[in-house]
Amino acid sequence: MSSTVEFKEDTVIVVFGASGDLAKKKTFPALFGLFREGLLSSSTRIIGYARSKLTDEELKTRIKPNFKTPTEKSKAQVDEFLKMVTYISGPYDSPEGFQKLNSTIEEYDAASKVKESHRLFYLALPPSVFTTVAANLKQYVHPGDKGIARIVIEKPFGHDLASAQALQKELAPLWSEDELYRIDHYLGKEMVKNLVPFRFANNFLSACWNNNFIKSIQISFKEPFGTEGRGGYFDSIGIIRDVMQNHLFQVLTLVMMERPVSFDAEAVRDEKVRLLKSIKPFDKDNVLVGQYTRSEDGSKPGYLDDETVKPDSKCVTFACLTLQVDNERWQGVPVILRAGKALNEGKVEIRVQFRENSNGMFKDINRNELVIRIQPDEAMYMKMNTKVPGISNGIAVTELDLSYKSRYSDFYIPEAYESLIRDCLRGDHSNFVRDDELDISWGLFTPLLNYLEGPDAPTPQPYAYGSRGPAGLTEYLKKNGYVFQNRKIYQWPVTTPDVLEQSKI
Ligand SMILES: NC(=O)C1=CN([C@@H]2O[C@H](COP(=O)(O)OP(=O)(O)OC[C@H]3O[C@@H](n4cnc5c(N)ncnc54)[C@H](OP(=O)(O)O)[C@@H]3O)[C@@H](O)[C@H]2O)C=CC1
Ligand SMILES: O=C1O[C@H](COP(=O)(O)O)[C@@H](O)[C@H](O)[C@H]1O
């Protein structure tokens, strides 16, 4: 059966791990969001499944507070949506619950007289039970030739190359790649989804998107909070596994891949894989790692203050890596990946710096820089050198600015999970991770992680909670090709004459 069949009326969605945090904070609110926007049919049946003994009403009470209800109409939609939700309590590792689930779905299908059963299984579960649940679902709840089943799994897809391959080996005989949807929620973010159209639908960009014009690329993830409350969990993971190997690498492939032959999911993913294959092994001597300490004012704890963390932990909560893509388009362009927790702000952005203007008529002219802000407040701005307005002949830095808040104030931008669940219902794999992407990215990260977690690991540089990162950061960025713009001649949002006056030809 075709993988691109769209699931519409009478679809059954089962959320495993329904009693957990992810389901409560992301999965159910996303389903409600789709319903609210008219993108989920009211004949959909949603079944929560978990081990906890809960009634339908208890599940509903638990999930409801996280629903977004911006209008009076949407408040009224909550009860309507909750009528679609029921709960089954059952084990993950034995047949009973799965058999009950199957008979419940069969009853729904019979009542709605469906010709073909459409079942979406969402595993909001820890990796320790992924394969057990996947196996039981395949055996007891898959509709076989009576319908189509899709299964969504959440990261982590392994801890290193060997475990990722082992997970894949267990899943592959059960669920075909066509049925499997590996979520990386960054692929559902508006600005990330925009990368392909932005890059390939603008001819001027295509012409300069290469090493003849681009000097460096930086992809940066900053979070203003630490691991408070989940340090024990984070300790064996670290920031590189947590956000770089997955989220930032997904962004990187979309920024740097070649033009796919079409929007077809496999065409896009083939190009991502080709790009990944061109990345050179990381240079372990060109890595900056850090771990946060107590904030300067003492109000926020250091990483090691968490009792669930080993007192001598070398866990990396901040990392900066520089990689090279060894192909004709990108040879010689450093790509800096930067990620950290407990920093001075929350921000995820891509910065593309262009080569300096070679014309000698200007002095100290700034590089053009394209900033694509993924969050908060989606925006794209291109820093340009222009004449100071008025009588002056000075050159000033200003920006061509696309701020979504003002340009698209009336548009509804879905949450990442809404967008991805919708893609899954439509049978569109473009924004999901394919198995071979994992092999290559883990193949690149595993030697680096082995080094950082091995006997010769460098001690992470301390940085205070709430700072920009370790002291060596600015130097590191400079050494690897990112030039910090001259702040004296650039102000946002208002550029006043006295600022502009500072730069003259
Ligand atoms: N459409 C919009 O919303 C627009 C908003 N703006 C806003 O204007 C402000 C300025 O924007 P922008 O010029 O892009 O600059 P940013 O303040 O975002 O910083 C530019 C870059 O320089 C780095 N940096 C910051 N301080 C230093 C330092 N002391 N030494 C070395 N590197 C440093 C930043 O790293 P790090 O992140 O670590 O600080 C970042 O990579 C921002 O608040 C931006 O959001 C500008 C244009 C359009
Ligand atoms: O996967 C993860 O992502 C979040 C950041 O997601 P965002 O959508 O809020 O940017 C991060 O906090 C978490 O540690 C990580 O596991």
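Ligands are counted one by one from 1 in listed order, and the atoms in each one are counted from 1 as well. Side chains included, hydrogens not; waters and symmetry mates left out as well; all remaining heavy atoms used.
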Original post:
Roughly how far, to the nearest 0.5 Å, is CD of E37 from CZ of F32?
Top reply: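 Nearest 0.5 Å value for the CZ-CD distance: 9.0 Å.
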
**OP:** Quick one: pull up CZ in R150 and CD1 in I13 and give me the separation to the nearest 0.5 Å.
**Re:**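 It comes to 11.0 Å.
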
Below 4.0 angstrom from a heavy atom of [X], which ligand 2 atoms are there? Numbered from 1 as shown, please.
{"X": "H247", "value": "1 (O), 2 (C), 3 (O)"}
{"X": "E223", "value": "4 (C), 5 (C), 11 (C), 12 (O)"}
{"X": "H185", "value": "1 (O), 3 (O), 6 (O), 7 (P), 8 (O)"}
{"X": "Q375", "value": "7 (P), 10 (O)"}
{"X": "K189", "value": "7 (P), 8 (O), 10 (O)"}

Does ligand 1 have an atom under 4.0 Å from some heavy atom of [X]?
{"X": "K478", "value": "no"}
{"X": "K347", "value": "yes"}
{"X": "E369", "value": "no"}

**OP:** Please confirm whether K155 comes within less than 3.5 Å of ligand 2 when only nitrogen or oxygen atoms on both sides are compared.
**Re:**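 Yes: some nitrogen or oxygen of K155 is under 3.5 Å from one in ligand 2.
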
**OP:** Examine the side chains of N357 and N385 and answer whether a donor and an acceptor come within less than 3.5 Å of each other.
**Re:**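 Looking only at side-chain atoms, N385 and N357 do not form any donor-acceptor pair under 3.5 Å.
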
Original post:
For Y412 and R36, does a side-chain donor sit closer than 3.5 Å to a side-chain acceptor?
Top reply: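 Yes - a donor-acceptor pair under 3.5 Å links their side chains.
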
Near [X], which atoms of ligand 1 are under 4.0 Å from a heavy atom of that residue?
{"X": "R373", "value": "2 (C), 3 (O), 5 (C), 45 (O)"}
{"X": "E345", "value": "37 (O)"}
{"X": "S403", "value": "1 (N), 2 (C), 3 (O)"}
{"X": "A379", "value": "1 (N)"}
{"X": "T474", "value": "30 (N), 31 (C)"}

Is the closest N or O pair between [X] and ligand 1 shorter than 3.5 Å?
{"X": "K383", "result": "yes"}
{"X": "D401", "result": "yes"}
{"X": "Y381", "result": "yes"}

**OP:** Applying side chain to side chain contact (heavy atoms under 4.5 Å, CB included), name anything that partners T293, two or more places apart in sequence or on another chain.
**Re:**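 Expected list: P462, A464.
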
Original post:
More than 12 non-hydrogen atoms from neighbouring residues, nucleotides or ligands closer than 6.0 Å to CZ on R355, yes or no?
Top reply: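 Yes - once you tally the heavy atoms of other residues, nucleotides and ligands closer than 6.0 Å, there are more than 12.
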
**OP:** Classify the contact between Y186 and ligand 2 as side chain, backbone, both or neither, using a heavy-atom distance cut-off of under 4.0 Å.
**Re:**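 Looking at Y186 and ligand 2, just side chain atoms fall under 4.0 Å.
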
Original post:
Between Y292 and Y465, is the ring centre distance below 6.0 Å?
Top reply: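 Centroid distance Y292-Y465: below 6.0 Å, so yes.
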
Subject >> Criterion side-chain hydrogen bond (donor to acceptor under 3.5 Å, both in side chains) against Q353, the qualifying member of E369, Q218, K215 >> reply: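 Only one option passes, and that is E369.
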
**OP:** Considering only non-hydrogen protein atoms, determine which one is nearest to atom 16 (O) of ligand 2 and report residue, atom name and distance to 0.1 Å.
**Re:**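 Atom 16 (O) of ligand 2 sits closest to the protein heavy atom D242 OD1, 2.6 Å.
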
Subject >> V348 touching ligand 2 at heavy-atom level, < 4.0 angstrom >> reply: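 So V348 does not count as touching ligand 2.
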
**OP:** For a ring-ring contact (aromatic ring centres under 6.0 Å, His included) with F35, tell me which candidate from F28, F67, F81 qualifies.
**Re:**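 That would be F81; it is the only one of F28, F67, F81 passing the ring-ring contact (aromatic ring centres under 6.0 Å, His included) with F35.
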
Subject >> R182/E177 salt bridge by N-O under 4.0 Å criterion >> reply: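 Salt bridge between E177 and R182, a charged N being under 4.0 Å from a carboxylate O: yes.
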
Original post:
With sequence neighbours excluded, what pairs up with T69 under the side-chain hydrogen bond (donor to acceptor under 3.5 Å, both in side chains) test?
Top reply: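 Counting only residues at least two positions away or on another chain, T69 forms no side-chain hydrogen bond (donor to acceptor under 3.5 Å, both in side chains).
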
Subject >> Aromatic plane relationship, H247 with H185 - under 30° parallel, 30 to 60° tilted, over 60° perpendicular >> reply: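 Geometry flag for H247 against H185: perpendicular rings.
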
